[in-house]
K.L.:
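What follows is a structure written as structure tokens; I'll ask about it next.
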There are 2 protein chains.
Amino acid sequence: LLRTEEITRFYQMGSETVHALDGVNFDVREGEMVAVIGASGSGKSTLMNILGCLDRPSSGRYWLAGRDVSKLTDNQLATVRNRQIGFVFQTFNLLARTTALENVEVPLLYGGVHRAKALAREALERVGLGDRIRHRPNELSGGQRQRVAIARALVNNPSIVLADEPTGNLDSKTTAEILDFFVTLNRQGVTLIIVTHEPDIAARCPRRIHMRDGKIIDEESDG
Amino acid sequence: LLRTEEITRFYQMGSETVHALDGVNFDVREGEMVAVIGASGSGKSTLMNILGCLDRPSSGRYWLAGRDVSKLTDNQLATVRNRQIGFVFQTFNLLARTTALENVEVPLLYGGVHRAKALAREALERVGLGDRIRHRPNELSGGQRQRVAIARALVNNPSIVLADEPTGNLDSKTTAEILDFFVTLNRQGVTLIIVTHEPDIAARCPRRIHMRDGKIIDEESDG
Ligand SMILES: Nc1ncnc2c1ncn2[C@@H]1O[C@H](COP(=O)(O)OP(=O)(O)OP(=O)(O)O)[C@@H](O)[C@H]1O
Ligand SMILES: Nc1ncnc2c1ncn2[C@@H]1O[C@H](COP(=O)(O)OP(=O)(O)OP(=O)(O)O)[C@@H](O)[C@H]1O
Ligand SMILES: [Mg+2]
Ligand SMILES: [Mg+2]
């Protein structure tokens, strides 16, 4: 479903080059649930942004559902992002001047979906924020903002969920609830890739990828 | 050193009132290392903002080093914040258009300290970012930004460190390094209050406060 071949991503900083990704070959089949683990700065978010069609690699290729992503127009990419992929950002990326409800509605309005308000409300209730729908991000706690970002990623029923450290600001009980939610989605056929520093989450993913210095250095699978 | 009496903090949302803090009585002696634990939305950041003189309570009183904080002018509060308190924000709050080095320099320049650049550089090296000093926040990973926020909070050698979930975006190795760093500071006499969801960090704090629904509901101490 997702396949990368020798992906690199570098940044030129004056005379220095930062190699955020340094030759990544990564295959994910439909219906898998994969954890991505690695030290701070090892390239996890950079990889996720490329998989989520939010960034293009400096070199190498990426096929999503059989299509070479470098051949898609910006409009086609935007449609793929809206219809197929739900992305939970490490820094949430919420719109500051709109409510939680309106933030979660955005992907639905963009996709021309009816009943956007009702669906957005349900998504917020599912992450425990039914009583916070009219709050704006600066009227929410850190973990509440993180949950709005999760609700927004899932509201369009995407077939692929890319979650970049979705529980870093959550207590263990809420983390367990979100994890159960992800496992349920996976059983319904959703493909999940989760960047995480939390051992509990990594342990529930049947496959775990380890990154260091922009490369995949190790991989383990259960069964 | 820090003492609160019946602190409340509420927000009026139309016809509803959100009770972020609902009667908090909290005492911290000089040199303590206290963990604050509780569910997402239970009031931890709100309490930290009041302890850090970044917010005023709706009612109740707060004494810092024997002075009633409600009697201080804005200028006096700003001086207290700059000289005595180092605050690590849950959402980092870095200046977007300046480098990591400049971000960490800010408290020193504000306090009129010489050698600000050299001290800022050392602080960044201590959190493992010596090779990222010229990067701006959007050129840093999530965990790197979090470490810049930590470095900035510590660069002025404050006697009180208030850290709001300082390791949520860090891998376990980096988390352990930051924790050792905090323990070392504590042994040098710094008073630390750390909001955390991580059991390892809570376990290293000799005292742990549990919050729920804007109240302190439990407390445990070792020895
Ligand atoms: N400006 C505001 N207006 C209205 N409600 C607010 C505002 N700021 C915070 N709240 C509410 O106050 C409660 C406490 O918020 P706080 O940020 O202290 O929680 P927290 O314990 O730090 O949570 P987390 O672990 O998720 O960071 C939350 O339920 C939040 O929705
Ligand atoms: N725009 C940029 N310019 C320069 N360097 C960058 C830029 N964006 C990221 N980097 C660097 O690329 C490396 C990888 O960043 P990335 O965000 O992928 O790390 P990460 O594995 O997600 O880390 P974390 O666990 O801390 O979130 C980092 O060392 C970072 O400093
Ligand atoms: Mg990251
Ligand atoms: Mg908080």
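A, B, ... follow the sequence lines: proteins, then strands. Residue 1 opens every chain. The structure displayed is predicted, hence computed values, not measured ones.
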K.L.:
Given heavy-atom pairs under 4.5 angstrom as the criterion, report whether the side chain, backbone, both or neither of A:Glu139 touches chain B.
P.N.:
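For A:Glu139, the contact with chain B is made by the side chain alone.
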K.L.:
Of all of A:Arg147, A:Lys173, A:Lys44, which one pairs up most often with chain B through heavy atoms under 4.5 Å apart?
P.N.:
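Max contact count across the listed options: A:Arg147.
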K.L.:
So does B:Glu16 have more than 12 non-hydrogen atoms from other groups sitting under 6.0 Å from CD?
P.N.:
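Not more than 12 within 6.0 Å, no.
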K.L.:
Can you tell me which portion of B:Glu198 sits under 4.5 Å from chain A's heavy atoms? Options are side chain, backbone, both or neither.
P.N.:
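Interface part for B:Glu198: neither.
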K.L.:
Got a donor-acceptor contact below 3.5 angstrom from the B:Asn103 side chain to the B:Leu95 backbone?
P.N.:
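Answer holds: yes.
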K.L.:
If I measure from the heavy atoms of chain A, does B:Thr91 come under 4.5 Å with its side chain, its backbone, both, or neither?
P.N.:
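For B:Thr91, the contact with chain A is made by the side chain alone.
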K.L.:
Of all of B:Arg145, B:Arg132, B:His135, which one pairs up most often with chain A through heavy atoms under 4.5 Å apart?
P.N.:
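Highest number of pairs under 4.5 Å: B:His135.
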K.L.:
If you draw a 6.0 Å radius around CZ in B:Arg207, do more than 12 non-hydrogen atoms from other residues or ligands fall strictly inside?
P.N.:
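It does: B:Arg207 CZ has more than 12 such atoms within range.
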K.L.:
Contact part of B:Glu165 toward chain A, heavy-atom cut-off under 4.5 Å: side chain, backbone, both or neither?
P.N.:
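Answer is side chain: those atoms of B:Glu165 sit under 4.5 Å from chain A.
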K.L.:
Would you name the heavy atoms of A:Ala100 and A:Val148 that are closest together and state the gap between them?
P.N.:
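Minimum heavy-atom contact is CB-CG2, 4.0 Å.
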K.L.:
Can a donor-acceptor pair be found, under 3.5 Å and without considering hydrogens, that links the side chain of A:Arg208 to the backbone of A:Ile37?
P.N.:
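A pair under 3.5 Å: no.
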K.L.:
Just checking, is any N or O donor in the side chain of B:Thr8 or B:Ser59 under 3.5 Å from an acceptor N or O on the other one?
P.N.:
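Yes, because at least one side-chain N or O of B:Thr8 sits under 3.5 Å from a partner of the opposite role on B:Ser59.
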K.L.:
Between A:Ser40 and chain B, with a heavy-atom cut-off of 4.5 Å, which part of the residue counts as in contact: side chain, backbone, both or neither?
P.N.:
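For A:Ser40, the contact with chain B is made by backbone and side chain together.
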